[in-house]
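What follows is a single structure, written as C-alpha cells, with notes after it.
Because only heavy atoms are used, hydrogens play no part in the values below, and waters and symmetry mates are left out as well, while side chains stay in.
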Protein chains: 2
Amino acid sequence: MGASLKDVAQLAGVSVKTVSNVVNNYPHVTPAMRERVQRAIDELGYRPNLTARHLRKGRTGIIALAVPELGNPYFAELAGAVIDAAARHDYTVLLDHTAGLREKEVLVSQGFRAHVIDGLILSPIELEADDLLGRPGDAPLVLLGEREYDAPYDHIAIDNVAAARTAIRHLAGFGRRRIAFLGARREMARQPAHLRLRGWREELTAAGLPHDDSLVAATDAYGRWDGAAAMNALLDRGAEPDAVFAYNDLMALGAIRALVERGLRVPQDVSVVGFDDVEEGRFSTVALTTVSPDKQAIARLAVERVVARLSGAPQLQPERIHPGYTLVARESTAPRTG
Amino acid sequence: MGASLKDVAQLAGVSVKTVSNVVNNYPHVTPAMRERVQRAIDELGYRPNLTARHLRKGRTGIIALAVPELGNPYFAELAGAVIDAAARHDYTVLLDHTAGLREKEVLVSQGFRAHVIDGLILSPIELEADDLLGRPGDAPLVLLGEREYDAPYDHIAIDNVAAARTAIRHLAGFGRRRIAFLGARREMARQPAHLRLRGWREELTAAGLPHDDSLVAATDAYGRWDGAAAMNALLDRGAEPDAVFAYNDLMALGAIRALVERGLRVPQDVSVVGFDDVEEGRFSTVALTTVSPDKQAIARLAVERVVARLSGAPQLQPERIHPGYTLVARESTAPRTG
DNA sequence: CTGAAAGCGCTAACAG
DNA sequence: CTGTTAGCGCTTTCAG
C-alpha cells in the first residue's frame with residue numbers, strides 16, 4: 001500500500017503538519033525543512049490520498065457530465081470540449097450517458113454518487129420539470145440543450161428558435177417552398193424538438209409559405225437511421241418536399257442517404273440542412289449545410305457556471321445563457337435549378 | 001449540509017452501527033428496527049457520504065478511461081460501451097482524453113487522481129514501453145489498441161495483422177493490384193500503425209503483388225482531414241492506386257471525399273476499405289467497407305479484466321486478449337469494371 | 001515557523 | 001440482533 005503522511009513524517013523526523021505544509025506548498029516553510037521532507041517523500045514514493053483530502057474538505061474536484069448518447073458525435077465532441085474546459089479549472093469529468101431515458105435522467109439529476117461529484121452538467125431529452133423539484137444535496141446543476149424548464153437552474157443553449165429560422169430562411173432564399181421538418185415527436189406532450197419546430201413554423205409564416213403538416217415527420221429517436229426512415233416515410237406518403245430541415249446532422253445525413261438511394265439529387269432536387277455541425281458533415285460526399293452551435297462556448301460556459309457556484313458565488317441567480325451559432329452553408333443546399 | 005449517520009442514529013434513537021446496517025442492507029436486522037431507521041433516514045433526507053466510505057474501504061468504484069480523442073467516433077462509441085460495461089459491475093467511469101500526446105498519456109498511466117480511481121483503461125498512441133516502468137500505486141492498468149508493449153499489463157486488441165490481411169485479401173480478390181496504405185508515420189521510430197502496415201505488406205506478398213513503397217502515405221494524425229490530405233498527396237505524386245486501405249474509417253472517409261472531388265469514382269476507379277466500423281461509414285453516400293472490431297467485446301473484456309484484478313484475482317497473469325472482428329463489405333469496394 | 005490533537009463520515013472488529 | 005470504539009489519511013485550529 002501507499003505511504004501516508006504519517007510515514008513520511010516519521011521518516012523525516014517531523015510532524016505530519018509540516019509534511020502537509022510541504023505537500024500543499026504552504027509558503028512559510030524553511031527551504032531546509034522543505035528539502036528534508038521532500039527527500040522523505042521521494043524515498044517513500046508518497047502520493048497524497050485524494051479521497052482523504054476530499055472527505056476532509058468536502059470537495060472532490062469532480063464534476064459529472066451526462067449526455068444522451070456518446071454515439072452521437074455532437075455529444076462526443078461536446079463532451080471533449082467539457083473535459084478540456086473542466087481541466088482548465090482543475091476539475092475532472094465523470095461521464096455518463098442516459099440514452100435519453102427519463103428514468104436515467106432523473107437518476108442522474110438527483111445526484112448519483114452523492115458527495116463524490118461537486119457539480120453536474122446534464123443534457124436532458126425526456127426529463128420533465130417535476131423531476132427537478134427537490135433535488136437532494138447541494139451540487140450545482142447546469143442544464144444544456146433545447147428543453148426548457150421552469151426550474152431554478154442555469155440553462156445553456158443557443159437560441160433554437162432563431163437558429164431554426166435562420167436555416168429556413170436560407171432554404172427559402174433558394175426558392176424552396178415545400179420545406180419539410182424531420183424529427184418531431186409523435187406524442188406532442190413531450191416534444192424535445194419543439195423550439196426548432198416552432199422556428200420552422202414561424203419562419204415559414206414570415207416567408208408567406210404554408211406550413212403543411214404533412215411535411216412534418218415524426219421520429220422516436222434522432223440517429224442516422226431515424227433520419228433515413230423519416231425521409232422515406234415522407235416520400236412514401238407523397239409529401240414531395242423540395243427541402244428538408246432536420247432536427248440534427250445525423251438525421252440530415254440519414255435523409256441524404258435515403259434521398260440518394262431513391263435517385264433524388266441533393267441539393268438540386270431536395271436541399272438539406274442539419275443542426276449541430278458535427279465534423280462528419282464537412283466530409284460527407286455531399287457536404288452538409290448546417291446550423292453550427294458554438295460548442296466550445298457551450299462547454300466553457302457550463303463549466304464556468306458550475307465552478308462559479310462552487311467557489312465564491314453560490315447564490316448566483318439562475319440564468320438562461322445563449323451562446324452563439326452560425327449557419328454554415330455547404331453543398332447540400334442550392335437554388336432550385338441545379 | 002447533508003445529514004450524517006450520526007444524525008440519523010440520534011433521531012431514531014439507535015446507534016450508528018444499526019443505521020449503517022440498514023443502509024447497507026445487512027441481513028440481520030429486525031423489520032421493526034429497519035422501519036424505524038428508514039423513517040429517520042427519509043425525514044432527514046439522509047444520503048450516505050460515499051467519499052467517507054471510499055476512504056474507509058480504500059475503494060471508490062471509479063475506473064478511469066483515457067482515449068486519444070472523443071471527436072473520433074470510434075473512441076466515442078468505445079467509451080459508451082465501456083461506460084455500459086462498467087455500470088454492469090457497479091463502476092462509474094471517469095473519462096479523459098490524451099490527444100494522442102505522449103506527455104498526457106504518461107501522466108494518465110502514472111495514475112492521475114491517486115486513490116480516487118480503482119483502475120485504469122488506456123488506449124495509447126505515442127506512449128513508449130519505458131513510460132510504463134515503475135507505475136506508482138496499485139491500480140490495475142489495461143491497455144487497448146494496436147500499440148504493443150513488453151510490460152506486465154493486460155492488453156486487449158484484435159489481431160491487427162490478420163485483420164489488415166483480411167482487408168487486403170478482399171481488395172485483391174476484386175482484382176485490385178495497386179493497393180495503397182494510408183496512415184503510416186513519417187518517423188518509423190514510433191509507428192502506431194505498424195501492425196496494420198505489416199498486414200498490408202504480408203498479404204501483398206502472399207498475393208504475389210509488389211508492395212510499392214510509393215503507395216504508402218504518411219500522416220501526422222488520423223482524422224478525416226488527414227485522410228483527404230494523404231490521398232491527395234498520393235495522387236499528386238502519380239502513385240495511381242486502384243485501391244486504398246486506410247488506417248481507420250475517418251481517414252477512409254476523408255480519402256473518399258478527396259477521390260470524388262478529383263472526379264474519381266468510388267468504388268469503380270478506386271476501392272476503399274477502412275478500419276473501425278464507425279456508424280457514420282454505414283450511412284455515408286458511398287457506404288464504407290471496413291474492418292469491424294467487436295467494440296462491445298473490447299469494452300467488456302477491458303472492464304472485466306480490471307474488475308477481476310480488483311476483486312479476488314489480483315495476481316492474474318497479464319494477458320494479451322484478441323477479441324473478434326469481421327470484414328463488413330459495403331459499397332466502397334467492388335470489382336474493377338464497375 | 002512547527003507540533004499536537006481533533007475530526008470529516010463511514011465501516012469493521014469486538015462485545016454484549 | 002445491536003452498541004461501542006477505533007481509525008481510514010488528511011487538513012485545520014490552536015498552541016508554542
Side-chain angles (χ1 to χ4, degrees), chain A residues 1-38 40-41 44-62 111 113-118 136-139, chain B residues 1-38 40-41 44-62 111 113-118 136-139:
Chain A
M1 265 310 297
S4 78
L5 260 195
K6 201 166 16 171
D7 300 328
V8 177
Q10 198 153 23
L11 181 66
V14 296
S15 83
V16 290
K17 168 65 175 156
T18 306
V19 181
S20 174
N21 284 343
V22 171
V23 171
N24 293 289
N25 287 312
Y26 186 68
H28 309 292
V29 217
T30 52
M33 189 93 264
R34 156 158 285 130
E35 160 88 2
R36 182 154 129 229
V37 171
Q38 189 59 52
I41 288 176
L44 291 175
Y46 168 75
R47 321 187 66 204
N49 183 328
L50 296 186
T51 303
R53 189 178 288 174
H54 295 162
L55 173 58
R56 183 63 235 229
K57 305 185 86 144
R59 286 287 170 72
T60 61
I62 298 176
R113 296 262 155 191
H115 301 117
V116 351
I117 64 165
D118 287 348
D138 47 7
Chain B
M1 265 313 296
S4 78
L5 258 196
K6 206 174 358 180
D7 300 327
V8 177
Q10 198 152 23
L11 180 66
V14 297
S15 83
V16 290
K17 170 61 174 155
T18 305
V19 181
S20 175
N21 283 343
V22 171
V23 171
N24 294 289
N25 288 312
Y26 185 68
H28 309 294
V29 220
T30 52
M33 191 90 259
R34 156 159 285 132
E35 160 88 1
R36 182 156 128 223
V37 172
Q38 189 59 52
I41 288 176
L44 292 174
Y46 167 75
R47 321 187 68 204
N49 184 327
L50 296 186
T51 304
R53 189 178 289 173
H54 296 164
L55 174 57
R56 183 61 235 236
K57 306 185 84 144
R59 286 285 171 74
T60 62
I62 297 176
R113 298 263 156 190
H115 302 162
V116 351
I117 64 165
D118 287 348
D138 47 9

With the side chain of [X] defined as its heavy atoms from C-beta on, choose the nearest nucleotide among [options].
| X | options | value |
| --- | --- | --- |
| Tyr26(B) | dT2(D), dA5(C), dG3(D) | dT2(D) |
| Leu55(B) | dT12(D), dT2(C), dC8(D) | dC8(D) |
| Ala52(A) | dG9(D), dC10(C), dG3(C) | dG9(D) |
| Thr30(A) | dC1(C), dT12(D), dC10(C) | dC1(C) |
| Val14(A) | dG3(C), dT11(C), dA5(C) | dG3(C) |
| Arg53(B) | dT4(D), dT11(D), dT11(C) | dT11(C) |

Nearest-Å distance for atom pair [atom1]/[atom2], residues [X] and [N]:
| X | N | atom1 | atom2 | result |
| --- | --- | --- | --- | --- |
| Asn21(A) | dG3(C) | CG | P | 9 Å |
| Asp7(A) | dC10(D) | CG | C1' | 13 Å |
| Arg36(B) | dC1(D) | CZ | C1' | 13 Å |
| Arg59(B) | dC10(C) | CZ | C1' | 17 Å |
| Lys57(B) | dC10(C) | NZ | P | 13 Å |
| Ile41(A) | dC10(D) | CD1 | P | 10 Å |
| Lys17(B) | dA12(C) | NZ | P | 7 Å |
| Lys6(B) | dG7(C) | NZ | C1' | 9 Å |

So, is [X] near the phosphate of [N], with a side-chain N or O under 4.0 Å from OP1 or OP2?
| X | N | value |
| --- | --- | --- |
| Asn24(B) | dT11(C) | yes |
| Ser4(B) | dG9(C) | no |
| Ser15(A) | dG3(C) | yes |

Any [X] side-chain heavy atom under 4.5 Å of [Y] side chain:
| X | Y | answer |
| --- | --- | --- |
| Val116(B) | Ile62(A) | yes |
| Glu35(A) | Val29(A) | no |
| Val14(A) | Val37(A) | yes |
| Asn24(B) | Arg53(B) | yes |

Worksheet entry | From OG (Ser4(B)) to CD (Gln10(B)), nearest 0.5 Å | 9.0 Å
Fill in: 5' precedence on DNA chain D between Thr18(B) and Ser20(A) (nearest-nucleotide basis)
Thr18(B)
